[in-house]
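Structure first, then comments.
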Amino acid sequence: MSATFASLGLSKPLLQALDDQDYLAPTPIQSQAIPAVLSGADVWASAQTGSGKTAAFALPILEKLSHAPASHPLKVRALILAPTRELAAQIGDSIHNYGYRLDEPIKTTVVFGGVSINPQMMALRGGTDIVVATPGRLLDLVDKNALKLSSVETLVLDEADRLFNLGFADELNRVLALLPARRQNLLFSATFPPAVDSLARALLRDPVRIAVSSDDAPSAAPVEITQRAIEVDHGRRTQLLRTLIEENQWTRVLVFVATKYHTSHVADKLRKAGLRAAPFHGELSQGARTENLEDFKDGRLQVLIATDVAARGLDIQGLPAVVNYDLPRSPADYLHRIGRTGRAGEQGVAVSFITAETHHHFRIIEKKNGLQLERERIAGFEPIDVIIPPLDPNGGVKGKRPSKKDKLRAAQAAAEALKKR
Ligand code: AMP
């Protein structure tokens, strides 16, 4: 028989809040992690965003904090470190949604860089039970004596691999040095590259190991992402995007492009065509980022044009479509991007635009991910650009760009093809 939330040892106010959220049953990671965390064990979890991992650590932390009163009101009792501002904010929202029915409120404060530190210092005044933080800002706040970490009972490292990828290793070590030696450690990571693996080994004491596959998504229904690969010429992608939005009546679509310049460029073009579109990248002010994301989540924006870095960890409910306007560089990013749709058991479609230039790169992405997608063509958008073959016919020269000669040859062939039309 599969577990229920009640059977995992959660008390009524949390169960009611889960009911309010329409969480019918725990996901695999929740069934395994919640009892482990409640028992006080360390946890080593391999889990992706989308598996329900936030509730897997947030619920038992709330449960524990609600039973044991704080020894000192000014000291932080649970510290959750996350790699990005958006993820930190999302975790804070989730904790609020799970904990709002508790008799004694558990105060949670979210802090991250890129915005003024003063309101965060104010928010921390009078103490807080839980801090959700990006590492750099947390250290700034410690330096300013805005909070103390010497009483942390539970530490969570969420998306530990991204913490390393985004260059937070030094900050992480500095934070660890500020924590008491006796504490519970929970480490969540989608992947375990050597740096994360050795951190896990050094940090975790006799951990309960949990591994859930990316298929173990929340709710009863399986994640349902339809992947499509559409061939189109480089210069016609915006037009095709508009057509797809119209034809499929996508109420919202997250579009990935390669650079922050392109986010604004494509957003401008779509706006001129009457669509509610906005850019989303790491160098927008935090205010603009939050506003665009909120507008998108609430449906005031229809199209969000994002770079990879900005889209990390985003959890947007009911997102029907993701479009790879530019392909991601790495095969892993491909999976990460398409996982923004089809979350929590909803249906989603992930479309990749394949141009003559990216034809071979997409093959590599497919191969690495064990995929083989049928190439589609949309009427009126049949490509005429000529695919440049890999320079090495035995499989291509990895990372090598076409030479001027190759490009010239391709351009001539394209011109020929145009003439014949
Ligand atoms: P996460 O992996 O924590 O980012 O969660 C992914 C999404 O699944 C979020 O939108 C959660 O609100 C949702 N979710 C988490 N647990 C459950 C559950 N047991 N049932 C339904 N949805 C859930």
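Just follow the structure's listing: the first ligand is 1, and inside any ligand the first atom is 1. Values below: every heavy atom of this structure, side chains too, minus hydrogens, waters and symmetry copies.
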Just by distance, no angles: are the side chains of T109 and Q120 close enough, under 3.5 Å, to form a donor-acceptor pair? no
Suppose I only count heavy atoms of T54 and a 4.0 Å limit; which atoms of ligand 1 are within that range? 1 (P), 3 (O), 4 (O)
Do the side chains of E86 and R289 get close enough for a salt bridge, i.e. N-O under 4.0 angstrom? yes
At under 4.0 Å between heavy atoms, which part of A25 makes contact with ligand 1: side chain, backbone, both or neither? backbone
Is there any N or O on Y98 that sits under 3.5 Å from an N or O of ligand 1? no
Using distance alone, with no hydrogens and no angle criterion, decide if T259 and H262 have a side-chain donor and acceptor under 3.5 Å apart. yes
In this structure, does ligand 1 have an atom that sits under 4.0 Å from one of the heavy atoms of A47? no
Between D268 and R271, does at least one N-O distance fall below 4.0 Å, as a salt bridge requires? yes
D326/R237 ion pair, N-O < 4.0 Å: yes
Using a 3.5 Å cut-off on N or O atoms only, is Q30 in polar contact with ligand 1? yes
Is F5 in polar range of ligand 1, meaning some N or O pair under 3.5 Å apart? no
